[in-house]
*Asks:* 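This is the structure I want to talk about, given as structure tokens.
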Amino acid sequence: MSSSYVPFLLLLLILCGHAQGRFISDTQSASQDLISDGVHHHHRSHIPRSYLTLNPFSVDADSTCDQTYGFLPCTTTVLGNLFLILVYGYLMYLAATYLSNGSEMLLEILGPGIIGGLFLPILGALPDAMLILVSGLSGTTETAQSQVSVGMGLLAGSTVMLLTVIWGSCVLVGKCDIENSVAIDNKNTKGLSLTGSGVSTDIWTSYAARIMAISVIPFLIVQLPQLLNSTSGRHLAILISLIVSVVLLVSYCLYQVFQPWIQRRKIAYAKHKHVISGILQHLKNEALGKLLTDDGEPDLEIIEKLFNTIDQDSDGFLSFFELRALIVGIRFYEIELNQNDAVDKVMKDFDTSHDSKISVDEFKVGVSKWLNEAKRAGNANSDPGHRSMKFLSDFHSRTKQEHALLGAGDQSDEVVEGAENPKWTSLKAGLMLLAGTLIAAAFADPLVDAVDNFSDATSIPTFFISFIALPLATNSSESVSAIIFASRKKIRTASLTFSELYGAVTMNNILCLSVFLALVYVRGLSWDFSAEVLVILIVCVVMGILGSLRTYYPLWTCSIAFLLYPFSLALVYVLDYVIGCA
């Protein structure tokens, strides 16, 4: 269904709320179902009736429903509420799509930083936050206590769905051949090999997984009174958990704002280390493999001879141009290298006197420092004189791997062309963000009411309805986008995909939880969600550990993710409805 049908759909919903009808059952109390024909007939009990009685999936005649906003339709039947859930769910999906597309358009113009780090994560979690907010905001305290389980179901369902079904699907569709613990871009010849195929990510994705695991701290705090079997400290625990979640939210947004700068600094340092390792490799070859003495210390005499070979004008100093000639001669094919920038960094590293040239003493000190660094990294402690070639080769390979893990090797997917018409693009992005926000705000409450009424009509707990159905509406857009992006079968796209999944879960754990805790605290609701919190903790910790301890995921890891979804549902059912855990 395209967005062009939205006005028609809204008009249809409004008109349904004002429809008239007549009874078609033998007794008026037999059914309250109406068939709209625009005609009102007075009931005469003394006249026998032979009309067909419609009573599919109906509830008691005394059951009533309240129209949201006084005009949106409502019903007490199963099929009617199912229809409303589908309609309102689609509108929430539309809101999420508008917010996502508008955010991407804004990012193209303004770039990362405050926009990419602060606004985009919040906008991505806005539909979920709206649904959680309205689930406990309207009605009496008793009504809010009943409906707030919809918010908890959505919070748990979104987190579990993203880290299980979507995470596993991304591994499955993005798998490539794994060689030396690295997935080879666009090479998929091993089929469904559980260990020979999978996906690789950069180190930033591992950092995102660790942050996600840390974001469950507020859940632990709010559960402390239950764990200690205390009733007096529950309200205080909710307040403390709320404060901690807000602090984590601000900290995470600040990290997102400054992460591009941090990333550039780390990539620059990794590139510098690789250049130094290449220079050491070159010096080792020039010295025929002898850069260390027999006792493992840098051979200063050989290093001085190497300095003289680089000093082309024999003035006792290495100039910028002599250093550049050395780096150009080494030929760093494996990394994208700005040679002038590399020379500046090497000069800054070696030139301790800050006179824009390197003396022989400064050269010996600098080379000795990096040789010792290479020895520590290469673990060259025994018989180093004969192993100098190996530990330098290991150091060079390790710096190359660090460079690749930081995602610096392939930046092609990050290149974004500037918008042709920035003003029009900004206006369009703003309108899409406004439309998405208004739709989410307007139809979150009706969706919660429809879920609550559907639960009453079917006797299915609202938690399970919201756990399974609502995340499909609020997260389907980013889920489909993540799977499509992962299917490009590149390390760079896999890294972005899994980073976005971890980031979405992090925002659920801090932003959406902050909204939920604020509702519970302000309205004085009771916290009876031990089973749901346990599910969130198990899934986040398991997938967080899996994501933070490795940068490649063989195909067998997706089976862990897929199995966690039914496990989560079964665990909540057993704890809440078999054991009766609160």
Side-chain angles (χ1 to χ4, degrees), residues 99-100 103-104 106-108 110-126 128-129 155 158-159 162-163 167 201-221 240-271 402-403 405-408 411 413-414 416 475 478 482 485 492-518 536-537 539-541 543-551:
L99 290 171
S100 176
S103 300
E104 291 180 2
L106 207 59
L107 185 62
E108 289 182 8
L110 302 179
I114 294 180
I115 296 299
L118 184 59
F119 290 111
L120 298 194
I122 293 177
L123 290 172
L126 186 62
D128 286 1
L155 179 59
S158 295
T159 294
L162 290 173
L163 289 180
W167 194 98
T201 61
D202 57 27
I203 196 66
W204 299 102
T205 308
S206 298
Y207 295 161
R210 295 171 193 173
I211 293 173
M212 179 196 70
I214 294 173
S215 69
V216 302
I217 291 176
F219 287 103
L220 293 173
I221 296 174
I240 295 174
S241 180
L242 173 59
I243 295 173
V244 171
S245 62
V246 171
V247 170
L248 288 176
L249 174 61
V250 174
S251 302
Y252 180 70
C253 289
L254 289 176
Y255 170 75
Q256 290 291 92
V257 169
F258 292 106
Q259 191 210 18
W261 177 79
I262 298 171
Q263 185 174 359
R264 286 193 295 268
R265 290 291 300 270
K266 286 199 172 186
I267 290 175
Y269 182 68
K271 191 171 292 188
E402 284 181 18
H403 184 267
L405 286 176
L406 287 171
Q411 302 292 335
D413 294 300
E414 287 188 301
V416 179
N475 295 289
E478 61 185 4
F485 210 51
R492 183 61 189 166
T493 55
S495 300
L496 293 174
T497 296
F498 287 99
S499 293
E500 288 180 358
L501 292 180
Y502 296 142
V505 172
T506 301
M507 292 303 293
N508 277 344
N509 291 346
I510 50 180
L511 174 61
C512 295
L513 180 63
S514 297
V515 174
F516 192 84
L517 290 171
I536 294 174
L537 288 174
V539 173
C540 286
V541 170
M543 300 307 295
I545 292 175
L546 182 63
S548 61
L549 295 182
R550 62 197 308 156
T551 56

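Note that the numbering runs from 1 along the sequence shown for the chain.
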*Asks:* What is the distance from atom CD1 of I211 to atom CH2 of W204, rounded to the nearest 0.5 Å?
*Replies:*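 I211 atom CD1 to W204 atom CH2 measures 10.0 Å (nearest 0.5 Å).
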
*Asks:* Rounded to the nearest 0.5 Å, what separation is found between the OG1 atom of T159 and the CE atom of M212?
*Replies:*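 Between T159 OG1 and M212 CE, I get 9.0 Å after rounding to 0.5 Å.
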
*Asks:* What heavy-atom pair brings A209 and S548 nearest, and what distance separates the two atoms?
*Replies:*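 Scanning both residues, the minimum pair turns out to be CB-N, 3.8 Å.
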
*Asks:* Could I get the full list of side chain to side chain contact (heavy atoms under 4.5 Å, CB included) partners for L220, not counting sequence neighbours?
*Replies:*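 Scan of L220 (side chain to side chain contact (heavy atoms under 4.5 Å, CB included), adjacent residues dropped) gives L537.
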
*Asks:* How long is the gap from CG on L249 to CG on L254, to the nearest 0.5 Å?
*Replies:*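 Between L249 CG and L254 CG, I get 9.5 Å after rounding to 0.5 Å.
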
*Asks:* What is the minimum heavy-atom distance between W167 and L501, and which atoms define it?
*Replies:*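 For W167 and L501, the tightest heavy-atom pair comes out as CA-CD1, 4.0 Å.
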
*Asks:* Report the residues that fulfil side-chain hydrogen bond (donor to acceptor under 3.5 Å, both in side chains) with T205, sequence neighbours left out, ordered by chain and then residue number.
*Replies:*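 Here the qualifying residues are D202, S499.
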
*Asks:* Can you see which heavy atom on V216 is nearest to which on C540, and at what distance?
*Replies:*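 For V216 and C540, the tightest heavy-atom pair comes out as CG1-CB, 3.5 Å.
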
*Asks:* Please round to the nearest 0.5 Å and tell me the distance separating atom OG of S158 and atom CG of L163.
*Replies:*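 Answer rounded to 0.5 Å: 10.5 Å.
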
*Asks:* With sequence neighbours left out, what residues match R210 under side-chain hydrogen bond (donor to acceptor under 3.5 Å, both in side chains)?
*Replies:*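 Partners of R210 under the side-chain hydrogen bond (donor to acceptor under 3.5 Å, both in side chains) test: none.
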
*Asks:* Using the side chain to side chain contact (heavy atoms under 4.5 Å, CB included) criterion, which residues pair with A213? Sequence neighbours excluded.
*Replies:*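 If we apply the side chain to side chain contact (heavy atoms under 4.5 Å, CB included) test to A213, skipping adjacent residues, there are no hits.
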
*Asks:* Measure the CZ-CG distance between F219 and L155 for me, rounded to the nearest 0.5 Å.
*Replies:*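 If we round to the nearest 0.5 Å, F219:CZ and L155:CG are 4.5 Å apart.
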
*Asks:* For residues 505-514, dump all side-chain donor-acceptor pairs below 3.5 Å to protein atoms at least two apart in sequence or in another chain.
*Replies:*
from : atom 1 : to   : atom 2 : distance (Å)
T506 : OG1    : Y502 : O      : 2.8
N509 : ND2    : S215 : OG     : 3.0
S514 : OG     : S245 : OG     : 2.9
S514 : OG     : I510 : O      : 2.4

